[in-house]
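Not measured: the values here are computed from a predicted model. Atoms within each ligand, like the ligands themselves, are counted from 1 in listed order.
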Amino acid sequence: MSGATARAGANVALVKYWGKRDEERNLPAVGSISITLSDLLATARVGMGKEGPRFRSHGVPVSGVAADRMAHYLDWIAGRLGAGAERLCVDVEAGFPVGAGLASSAAIYCATAAASAAAVGASIDRAELSRLARVGSGSAARSVFGGWVEWHRGTREDGEDSGAEQLLPVADWPVALVVAVVHDGPKEVPSRDAMRHVSRTSPLYDGWIEAQEEDLESMRSAIAARDFGAVGRLAEENCLRMHATTFAARPPVFFWLPVTLAVMQAVRQLRADGCEAYFTIDAGPQVKVLCSPERVDRVAGALAGIPGVVRVLRSGLGSGVEILDGSVPWK
Ligand code: PMV
């Protein structure tokens, strides 16, 4: 019981998780579909100790709300794994900006859940791990699996039917993602606060919920048929519908910057010029662009040239969470 290290990739939803049916257990109001990334990675080292900070980032103690949230989660997962007497601590290292709308919490909480299970010697499967990761950060449920992933809404109150599963492994359809980072600082509104506010005040929220089942169905079919155009169009529509709920909230939540729109426009222009690429945007101003691996250089070059784009990141699809030392707690 000396500790364990796990590594997980961020994931990007093509059909978004937006709204909760249970805040405590992170049960989503809708299902979602994502791709897991190979190049935006977080590593979590979980150990036990009677003293010292519970949450460190690159060895430096984290304080405030993020630290309280992590300590609460570590106590919860220790209890769930039958190691309630253990005081778990975690040191995370993310190879990309944290809290900037790049799905860092998905990678961090997924890696933390996996390392916690390995550290306490639990024996679980990936489906169970997904449900455990979900309680840390909803989208973390999806980073457990590689490639193309669906997280089911579920209907049970205890959340035991709300976890992710793999739709397609990476090798079956390896697409690529280019991220236009347009703002370096932290997000103005954390996703969980924005979701709560929008679901309570936006008159468009009910329409969002109603349309989601059809989007999930169409996206599943488009993925099964490897229809890139259909996947991309659905991803753009679903993203715009999610953001429409935020514009209509009282007061409105506005994640975009002027450069966000400039990047969206450039993606449309790339398409008009014969380079198939599609955008999606989460709870922040960064724009994530889906394309085939052969088009990454052209897409990245076009986005890097837009005034206001700070940096361009590239990623392929990853194969899900891994234990880097110790025995793997799942089959
Ligand atoms: O898992 P959270 O609480 O960081 O929420 C993520 C919400 C979105 O990124 C906006 C959508 C999604 O499905 O990832």
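- Inter-residue side-chain proximity for Leu324 and Arg45 is flagged as unmet; no heavy-atom pair is nearer than 4.5 Å.
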Give the table of side-chain donor-acceptor pairs shorter than 3.5 Å for residues 60-70, with sequence neighbours excluded, one pair per line with atom names and distance.
unit_1	atom_1	unit_2	atom_2	d
Arg69	NH2	Gly136	O	3.1

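- In this structure, Ser57 OG and Ile108 CD1 are separated by 7.0 Å, a value rounded to the nearest 0.5 Å.
- Of the residues listed (Lys16, Arg142, His152), the one engaging Ser32 in a side chain to side chain contact (heavy atoms under 4.5 Å, CB included) is Arg142, and it is the only one.
- Counted within 6.0 Å of CZ on Arg268, heavy atoms from surrounding residues, nucleotides or ligands total 12 or fewer; the atom is thus considered open.
- Residues of the protein with a heavy atom under 4.0 Å from ligand 1 are Ala13, Lys16, Tyr17, Trp18, Ser105, Ser137, Gly138, Ser139, Arg142, Ser191, Met195, Met242, Asp282, Ala283, listed by chain and number.
- Aromatic ring orientation, Phe254 versus Phe247: tilted (interplanar angle from 30° to 60°).
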